[in-house]
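These notes concern the structure reproduced below.
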Amino acid sequence: MAFGFGRKAKTEQPDAPDGLLADDAPADGEAEAVDQRANGPLDESEISSRDGYVDLGALLITPSEGLQLRLEVEEATQRVVAVTLDLNGSSLQLQAFAAPKTEELWEEIRTQIGQSVGAQGGQVEDIEGPFGTELVAKLPAGLPDGSQGFRVARFIGVDGPRWFLRGVLGGPAALERDAAEPLEALFRKVVVVRGDSPMPPRDLLQLRLPKDATTTPPPGAPTLQEPERGPEITQIG
């Protein structure tokens with residue numbers, strides 16, 4: 001498994017509802033949120049140890065043979081805003097956000113993604129997948145031969161206890177179920193570390209470089225790659 005850095009030119013942060021923090025709501029909906037995550041991902045409270053995970057702060061990732069992790073960096077602030085998992089020619093970008101205990105965000109966020117794609121001349125379609133309702137987005141894109149084609153991304157959203165996790169599948173995994181299965185399996189195993197601090201809904205949970213990542217790692221440890229730019233589609237929503 002290898003590490004790399006990508007750069008994002010811009011990350012839009014939706015405004016939080018007036019006066020509402022993610023911890024202001026009562027805890028009545030927590031059991032329901034767990035039921036909706038029968039296929040994963042996990043909350044930190046649902047694991048007994050962090051051993052064996054790649055610790056990225058807000059997200060714990062299960063290592064896998066051939067997997068490369070690419071951290072997306074916001075140019076204006078230099079903060080890590082997303083992690084992308086590259087495997088077998090496909091990608092899965094992950095972002096975790098703060099959320100109220102009883103309010104689900106995914107339905108509203110799907111609508112906003114659809115509006116953003118439509119404004120760019122693209123198309124969206126709701127589909128049913130292993131994690132519930134998903135969104136396939138097609139955006140106009142120029143092909144190498146100069147003709148016009150589409151760039152496709154498949155958006156996954158899961159509401160957890162006081163957090164929301166969004167995944168964006170790109171490459172063959174965006175359209176082909178067989179190609180998506182290895183990344184879907186990794187998505188199920190993702191652990192979200194929400195923390196106890198009150199945060200406005202939709203604020204990004206903080207990601208960071210693993211503590212043991214170095215430019216000259218020991219054998220078998222993650223290695224750093226040269227910076228590269230992540231796919232533009234991941235900036236939608």
Side-chain angles (χ1 to χ4, degrees), residues 6 8-17 32-33 35-42 58-59 70 72 81-100 103-141 148-161 163-190 192 201-205 230-237:
K8 294 173 67 67
K10 180 180 179 182
T11 300
E12 297 182 359
Q13 292 299 315
D15 293 334
E32 181 180 355
D35 290 340
Q36 292 172 342
R37 290 184 294 107
N39 291 321
L42 303 172
L59 297 176
R70 180 158 37 92
E72 306 282 350
V81 296
V83 58
T84 298
L85 283 59
D86 294 317
L87 184 66
N88 301 332
S90 294
S91 64
L92 170 63
Q93 188 209 56
L94 299 172
Q95 288 182 300
F97 304 85
E103 180 185 354
E104 296 182 357
L105 299 180
W106 180 220
E107 183 175 355
E108 181 181 356
I109 289 174
R110 283 203 318 275
T111 299
Q112 294 174 345
I113 293 172
Q115 292 172 345
S116 178
V117 172
Q120 299 177 60
Q123 303 172 357
V124 295
E125 179 185 2
D126 283 343
I127 63 171
E128 289 302 314
F131 303 96
T133 304
E134 303 173 356
L135 189 72
V136 174
K138 296 181 179 180
L139 272 173
Q148 189 72 12
F150 285 93
R151 185 170 70 254
V152 182
R154 176 179 150 212
F155 289 80
I156 303 170
V158 174
D159 290 287
W163 52 259
F164 169 76
L165 181 66
R166 189 184 73 178
V168 187
L169 288 161
L175 291 173
E176 301 173 14
R177 289 295 182 181
D178 289 345
E181 284 181 359
L183 287 171
E184 289 174 352
L186 289 172
F187 188 80
R188 290 188 182 94
K189 297 176 183 178
V190 171
V192 180
R202 302 192 185 199
D203 265 17
L204 275 169
L205 302 185
E232 296 178 10
I233 187 73
T234 61
Q235 298 181 31
I236 294 176

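Put simply, the side chain of Phe187 reaches to within 4.5 Å of the side chain of Val158, judged on heavy atoms. At a threshold of 4.5 Å between non-hydrogen side-chain atoms, the residues Pro41 and Arg188 do not count as touching. Side-chain contact check for Leu59 versus Val190: some heavy-atom pair is nearer than 4.5 Å. Side-chain atoms of Glu181 and Pro130, non-hydrogen and from C-beta on, never get closer than 4.5 Å to each other.
Side-chain atoms of Ser90 come within 3.5 Å of backbone atoms of Ala173 as a donor-acceptor pair (strictly under, hydrogens ignored). A donor-acceptor pair under 3.5 Å is absent between the side-chain atoms of Gln120 and the main chain of Leu139, judged by distance alone. Asp86 places no side-chain N or O within 3.5 Å of a backbone atom of Ser91 that could act as its donor or acceptor partner.
Minimum interatomic distance between Gln148 and Ala141 (heavy atoms only, all atoms of both residues): NE2-N, 3.3 Å. Taking each heavy atom of Val168 and Ala153 in turn, the nearest pair found is CG1-CB, 3.8 Å.
The distance from the CD1 atom of Ile127 to the OG1 atom of Thr133 is 9.5 Å, given to the nearest 0.5 Å. Atom CD of Gln95 is separated from atom CZ of Arg166 by 4.5 Å, given to the nearest 0.5 angstrom. Between Leu165 atom CG and Phe131 atom CZ the span is 9.5 Å, to the nearest 0.5 Å. One finds the CH2 atom of Trp163 at 11.5 Å from the CG atom of Leu105 (value rounded to the nearest 0.5 Å). Put simply, CH2 on Trp106 and CZ on Phe164 are 5.0 Å apart, with the number rounded to the nearest 0.5 Å. Separation of atoms CD1 (Ile156) and CG (Leu169) is listed at 4.5 Å; rounding is to 0.5 Å.
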Worked verdict on Leu42 versus Val192 for side chain to side chain contact (heavy atoms under 4.5 Å, CB included): CA-CA 6 Å; Leu42 303 172; Val192 180; over 6 Å; no
Working for side chain to side chain contact (heavy atoms under 4.5 Å, CB included), residues Phe155 and Ile109: CA-CA 10 Å; Phe155 289 80; Ile109 289 174; over 6 Å; no
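Applying the salt bridge (Lys or Arg N to Asp or Glu O under 4.0 Å) test to every pair with at least one member in residues 108-127, sequence neighbours left out, gives these pairs: Glu108-Arg202, Arg110-Asp126.
Only one option out of Val152, Val117, Val124 pairs with Val136 in a side chain to side chain contact (heavy atoms under 4.5 Å, CB included); it is Val152.
Checked for salt-bridge contact, Glu184 and Arg154 meet the test: a charged N lies under 4.0 Å from a carboxylate O.
In this structure, Glu107 has no side chain to side chain donor-acceptor pair (under 3.5 Å) partners at least two apart in sequence or on a different chain.
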